[in-house]
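Data first, discussion second: the structure below is written as structure tokens.
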Amino acid sequence: MKIPAAVLAFALFVAPAANAAEIRVMISGGYAPAYEELIPQFQKATGHTVVTAYGPSMGDTPQAIPNRIARGEPVDIVIAVAYAIDGMIAKGTVAPGSHTDLAQVLIYMAVRAGTPKPDIATTEAFRQTLLKAKSIAYSDSASGTYISTEMFKNLGIEDQVKAKSRMIPAEPVGRVIARGEAEVGFQPLSAMRPVPGIDIVGPMPPEVQRATVYAAGIAANAKEPAAAKALVAFLTSPAAVDAVKKSGMDPMAAR
């Protein structure tokens, strides 16, 4: 595998590892596309090995990152929505002072491939589209929590859409849309873009939009804290910018 010049520059910047470490990461889906492109580069440049477990930033499913940690699954780095990282710091499962913002991404709407794209150009058009939709799906992580507990209420349609809306646990919303199990669905663009069988309609209108910020934190009981810090440094370095942008996110390190 050819290593990009920015990755080589990062490898020269960090201190060489005396012993290759195995870094265990727990990550939520929105940041995963960029992460999956970047990890092989990091491993090649540093000699470390990265072992990854996936799950939502929050929720009641067994895969949810806080539940994995509560079961005692080993972890060195957590990558999740920023306020979930803060919550884990408050609970003592992520080390204080280790919160590092990685990227932010907007919430997008998608429909099944080949079906008409509804009008969401204005807040009122978006509101009418939701009222007319036969079914609505959203994630069981930060974006879905915002949609179900705040956005519907702010649009004044909470009662009208409640019966036809559902939260999708531990699965990309796009897959549900692709199977025809919901007419419209919402999730951050980075989680929608890799899913086949859907058409992305566009971002929610600015008046109801909420960016999701993904962040990393070092686990309080990390076995490889130094290697974990090197990985976080890599994910916020210039070497990561192109992959993050390609996935549909805005890299915080580039601000």
Side-chain angles (χ1 to χ4, degrees), residues 28-34 56-59 80-84 101-169 171-178 180-215 244-252 254-255:
S28 60
Y31 192 77
S57 299
M58 60 199 70
V81 296
Y83 70 79
D101 288 336
L102 301 176
Q104 69 173 11
V105 61
L106 300 181
I107 304 170
Y108 274 58
M109 174 189 277
V111 296
R112 193 175 190 181
T115 60
K117 293 183 178 181
D119 181 7
I120 61 170
T122 66
T123 301
E124 181 56 26
F126 180 68
R127 182 177 181 275
Q128 291 301 320
T129 288
L130 293 177
L131 289 171
K132 294 173 184 176
K134 295 178 180 178
S135 52
I136 302 168
Y138 43 83
S139 78
D140 66 344
S141 198
S143 62
T145 298
Y146 161 67
I147 288 168
S148 61
T149 64
E150 296 184 49
M151 190 192 76
F152 289 154
K153 186 180 298 184
N154 292 340
L155 288 171
I157 60 173
E158 184 178 25
D159 292 338
Q160 296 97 313
V161 302
K162 185 176 182 179
K164 62 181 181 179
S165 302
R166 66 187 178 111
M167 184 172 280
I168 307 302
E171 181 184 23
V173 172
R175 292 181 187 171
V176 176
I177 300 298
E181 296 173 8
E183 185 176 347
V184 301
F186 297 94
Q187 205 163 13
L189 176 60
S190 53
M192 287 283 198
R193 186 169 277 177
V195 180
I198 64 172
D199 287 334
I200 295 174
V201 179
M204 300 195 310
E207 294 82 3
V208 295
Q209 181 63 257
R210 177 169 293 182
T212 298
V213 176
Y214 288 95
V244 170
K245 288 182 175 179
K246 187 170 71 173
S247 73
M249 295 184 291
D250 177 18
M252 307 294 278
R255 291 174 174 275

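None of these values were measured; they are calculated from a predicted model.
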Is a side-chain N or O of Arg112 found less than 3.5 angstrom from the main chain of Ala178, in a donor-acceptor match? yes

From CD1 (Ile200) to CD (Gln187), nearest 0.5 Å: 10.5 Å

With no hydrogens and no angle check, is any side-chain donor or acceptor of Lys134 less than 3.5 Å from a backbone partner on Val184? no

Please assess Val81 against Met58 for the test side-chain contact (heavy atoms from CB on, under 4.5 Å), listing each intermediate value before the final yes or no. CA-CA 9 Å; Val81 296; Met58 60 199 70; 3.6 Å; yes

Can you tell me how far the OH atom of Tyr108 sits from the CD1 atom of Ile198, to the nearest 0.5 Å? 12.5 Å

Check for a donor-acceptor pair, side chain of Ser135 on one end and backbone N or O of Lys164 on the other, with a separation under 3.5 Å. no

Whether Phe152 and Tyr138 hold their rings parallel, tilted or perpendicular, with breakpoints at 30° and 60°: perpendicular

Might you point out which heavy atoms bring Pro205 and Ile120 nearest each other, and give the distance in Å? CG-O, 3.5 Å

Residue pair Met252 / Val213: nearest heavy atoms and the distance that separates them: CE-CG1, 4.3 Å

So, does Glu183 use its side chain to make a donor-acceptor pair with the main chain of Val111 at under 3.5 Å? no

Nearest non-hydrogen partners of Asp140 and Pro56, listed with the distance: OD1-CB, 3.6 Å

Heavy-atom pair of closest approach, residues Pro251 and Lys245: CD-CG, 3.7 Å

Which atoms form the tightest heavy-atom contact between Met249 and Ala34, and what is the distance? CE-CB, 3.8 Å

Quick one: do Phe186 and Leu130 satisfy side-chain contact (heavy atoms from CB on, under 4.5 Å)? Show the steps, please. CA-CA 11 Å; Phe186 297 94; Leu130 293 177; 3.6 Å; yes

Hey, mind stepping through Met109 and Thr129 against side-chain contact (heavy atoms from CB on, under 4.5 Å) and telling me if it holds? CA-CA 11 Å; Met109 174 189 277; Thr129 288; 4.1 Å; yes

Any chance you could measure Thr149, atom OG1, to Asn154, atom CG, to the nearest 0.5 Å? 9.0 Å

Flag the pair Tyr31 / Thr212 as yes when at least one side-chain heavy-atom distance between them is below 4.5 Å, and no otherwise. no

Can you pull the salt bridge (charged side-chain N to carboxylate O under 4.0 Å, His left out) pairs that have at least one residue in residues 187-211, sequence neighbours excluded? Glu150-Arg210

Do any N or O atoms from the side chain of Ser190 and from the backbone of Gly30 form a donor-acceptor pair under 3.5 angstrom? yes

Look only at the side chain of Ser143 and the backbone of Ile107, and say whether a donor-acceptor pair between them is shorter than 3.5 Å. no

State, with a plain yes or no, whether a side-chain heavy atom of Leu155 is found less than 4.5 Å away from one of Thr123. yes

Measuring from Gln160:CD to Glu158:CD, what's the distance to the nearest 0.5 Å? 9.5 Å

Pro188 to Val105 - nearest heavy-atom pair and separation: CB-CG1, 3.5 Å

Tell me, with the steps shown, if Arg166 and Glu181 meet salt bridge (charged side-chain N to carboxylate O under 4.0 Å, His left out). CA-CA 11 Å; Arg166 66 187 178 111; Glu181 296 173 8; 3.6 Å; yes

